[in-house]
Amino acid sequence: MASYYVNTNAQDNGDHEVHREGCRVMPALANRLYLGDFAGCHAAVGAAKQHYRQSNGCIHCSPDCHTS
Ligand SMILES: [Zn+2]
C-alpha cells in the first residue's frame with residue numbers, strides 16, 4: 001500500500017495529476033489533497049475522480065495510469 005495524492009491545481013490540459021508518496025514531482029503541500037492508501041494507482045485515480053472528473057496518473061510515479 002502507498003499513500004496517494006491529487007494535485008488540486010489542474011495542468012494546462014485540465015488534468016489533475018495523481019501522485020504516489022515520494023514522487024519527485026509531488027505538488028507542494030498546499031496544492032495536494034490526500035486521497036488515501038491504495039494498493040495501486042488505478043484505485044487512487046478512481047478516488048481522485050470523486051473530486052476531479054478529469055484526473056490522470058502522473059507519468060513519473062504512476063505511468064500505468066497515465067493517459068495522454
Ligand atoms: Zn508523480
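Whatever order the structure lists ligands and atoms in, that order sets their numbers, starting from 1. Fair warning: this is a prediction, and the values are worked out from it, not measured in the lab.
Hydrophobic clustering keeps Tyr5 apart from Tyr52 (ILVMFWY residues linked when any side-chain heavy atoms are closer than 4.5 Å, directly or through intermediates). Connection of Met26 to Tyr34 is established within a shared hydrophobic cluster, with ILVMFWY side chains joined at heavy-atom distances below 4.5 Å, either directly or through further cluster members.
Residue His60: no N/O/S atom is found under 2.8 Å from the Zn ion (ligand 1).
Considering only heavy atoms from C-beta on, Asn9 stays 4.5 Å or farther from Pro27 through its side chain.
Closest of all the heavy-atom pairs between Cys23 and His60 is SG-CB, 4.4 Å.
Within His19, the N/O/S atom positioned nearest the Zn ion (ligand 1) carries the name ND1.
Atoms SG of Cys61 and SG of Cys58, as seen from the Zn ion (ligand 1), are separated by an angle of 110°, to the nearest 10°.
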